[in-house]
Amino acid sequence: MDSRDYGHLNRRTFLQVAGTAGAAAGLASAPGGRALAQAAEKPNAAEIIQGKSPEMIVYNAKLGVMGTPLNMLREHRFTPAEILYNRTHFPVDGVNKWVATTAPADRETVQNWTILVSGLVQRPKTLKVADLEQMDLVKRISVMQCAGNGRSYYWAKAKTPGSGWEHGGMGNLSWEGVLLKPLLKSLDLSPSDSVKFLTTNGKDVPPVKGGADMIKSVHLAFPQLDDAILAVRMNGKPIPTIHGGPVRLIIPGYYGNMCVKWVTDLMLMDEPTPSAIMQKTYRMPLMQVEPGKFTTQNLTRENSDPTYGFRIMSVVFAPLRGQTVKAGEVELKGVAWNDGVVPLTQVRISLDQGKSWQEAEVDNSDGPYAWYHWQKSVKLDPGDHEVWVCATDAWGRSQPLDGLTTWNPGGWSWHGVDRVGFKAA
Ligand SMILES: Nc1nc2c(c(=O)[nH]1)N[C@H]1C(S)=C(S)[C@@H](COP(=O)(O)O)O[C@H]1N2
Ligand SMILES: [Mo]
């Protein structure tokens, strides 16, 4: 297999290996036995967030960060709440414990939930979620994806902080809510001419007083903002609490960190928030940078962009990495997506490490921001194989053959050509 294949152990494989080693050597006396025992005692996802599948890959039990195994992700057109990845920035116990469930908010919570709309406006207003629910709801089908999705593949070059996501930090969701821009207009806020940014805050709070809050700003001129909604429903039901219920900002085609959950404040501003989460983390340098020489501390507003729209991407769903399939006719399958501004035009696959490419069939997607499913039937001899997949859109944007060229100290926005090694027998 190509040494550049980015596959590596997932948590379950690790636990199996750890379990075997521990049992054979006797956990306490085994070298590294303590670490292995701790790994084996990690709570499963269902114990951390009520209603999650215990099969989820847990990256951080305290923060409830978990990803979806690809074999489960590929089973659904819309990713169900039980297996949708989760990312929260603060511990899901203590003050924020109320978020740790897939159940929707109860009636009382919904009745009492208000959003303050303020900033550089003459007339700040208060919105009630209960009123939003009665307004005209529009549907937006969009990929939800952490900007850290695929981060672990960068680690082939150099380790970065953050969870070691493979491709399970994403899902395809149907959201319903009230269109943001017309809503803001209808409130008659009388905003200042200098307003350029929308700053959104959620109800979750840092566990230590004065800690960096999860507060985000987005420039209102980006095309996806015309499709942004204050969402109250996910996959046809009230939004599960852990995923932002009762009300969440959904900017379709935008990385998850811009889609603030549990919205309490919308502020119309002339500048983005100075919060660290906006100015230091979740930013991509605009040039190629060397590990060690360039760190997140070197990121400035001038030399980097916030992680806003998705970079064009494709993923192989079948075969799975390391799987053995029957030789002969093999159906290669997967998904592709971009930031939704222009359509995807082509998905190509290669079975010879990029020397030659074949066009895959691409299905119509459920709208500009949703996954496009692709497939390609190929004849394969017994032996080791590797499939590469690469998507292109109408602006000619495509994926780097070597995703490591966009290595960055935050490990953000991986969008390299997916390379999946498997066996035919
Ligand atoms: N209020 C709030 N909103 C948030 C976050 C958070 O910690 N607090 N995390 C963000 C990040 S980084 C991501 S990737 C998505 C994750 O959404 P999900 O957990 O519903 O999949 O929520 C975003 N919105
Ligand atoms: Mo994220």
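Both counts, for ligands and for their atoms, begin at 1 and track the order of listing.
- With a 4.0 Å cut-off on non-hydrogen atoms, Tyr255 does not touch ligand 1 at all.
- Near Val260, the atoms of ligand 1 lying under 4.0 angstrom from a non-hydrogen atom of the residue are 1 (N), 3 (N), 24 (N).
- Counting atoms of ligand 1 from 1 in the listed order, those under 4.0 Å from a heavy atom of Trp262 are 1 (N), 2 (C), 8 (N).
- Contacts between Phe90 and ligand 1 below 4.0 angstrom, taking non-hydrogen atoms only, are absent altogether.
- The aromatic ring centres of Phe310 and Tyr255 sit less than 6.0 Å apart.
- For atom 16 (C) of ligand 1, the closest non-hydrogen atom on the protein side is Tyr85 OH, 3.5 Å.
- Aromatic pair Tyr372/Trp337: ring centres not closer than 6.0 Å.
- Seen from the ring of Trp412, Arg151 counts as a face-on cation partner, given the 6.0 Å and 45° thresholds.
- Between the CG atom of Leu344 and the CE atom of Met313 there is a distance of 12.0 Å, given to the nearest 0.5 Å.
- Salt bridge status for Arg397 with Asp339: present, with a side-chain N to carboxylate O gap under 4.0 Å.
- The His243 neighbourhood of ligand 1 comprises atoms 18 (P), 19 (O), 20 (O), 21 (O), with distances under 4.0 Å to a heavy atom of that residue.
- Under a 4.0 Å heavy-atom criterion, Cys259 is in contact with ligand 1.
- Not less than 6.0 angstrom separates the ring centroid of Phe317 from the ring centroid of Trp374.
- Donor-acceptor pairing under 3.5 Å is lacking for the side chains of Tyr254 and Thr307.
- In this structure, atom 12 (S) of ligand 1 lies nearest to the protein heavy atom Tyr282 OH, 3.0 Å.
- For Trp155 and Thr160, the side-chain atoms include at least one donor-acceptor pair closer than 3.5 Å.
- There is a side-chain donor-acceptor pair under 3.5 Å between Gln399 and Ser314.
- Interface of Cys146 with ligand 1, defined as ligand atoms under 4.0 Å from a residue heavy atom, comprises 14 (S).
- Residue, atom and distance of the protein heavy atom nearest to atom 7 (O) of ligand 1 are His89 ND1, 2.8 Å.
- The protein atom (non-hydrogen) at minimum distance from atom 13 (C) of ligand 1 is Gly256 C, 3.6 Å.
- Within the 6.0 Å centre-distance limit, the rings of Tyr153 and His167 are counted as a close aromatic pair.
- If you number the atoms of ligand 1 from 1 as listed, the ones under 4.0 Å from a heavy atom of Asn86 come out as 19 (O).
- Neither the backbone nor the side chain of Ala147 comes within 4.0 Å of ligand 1, counting heavy atoms alone.
- The closest heavy-atom contact to atom 17 (O) of ligand 1, among the options Met144, Arg248, Arg87, Met258, comes from Arg248.
- When each atom of ligand 1 is checked for a heavy atom of Thr88 under 4.0 Å away, the hits are 7 (O).
- Contacts between Asp204 and ligand 1 below 4.0 angstrom, taking non-hydrogen atoms only, involve the side chain exclusively.
- When ring centroids are compared, Trp98 and Trp262 come within the 6.0 Å threshold.
- In this structure, the protein non-hydrogen atom closest to atom 4 (C) of ligand 1 is Lys261 CG, 3.6 Å.
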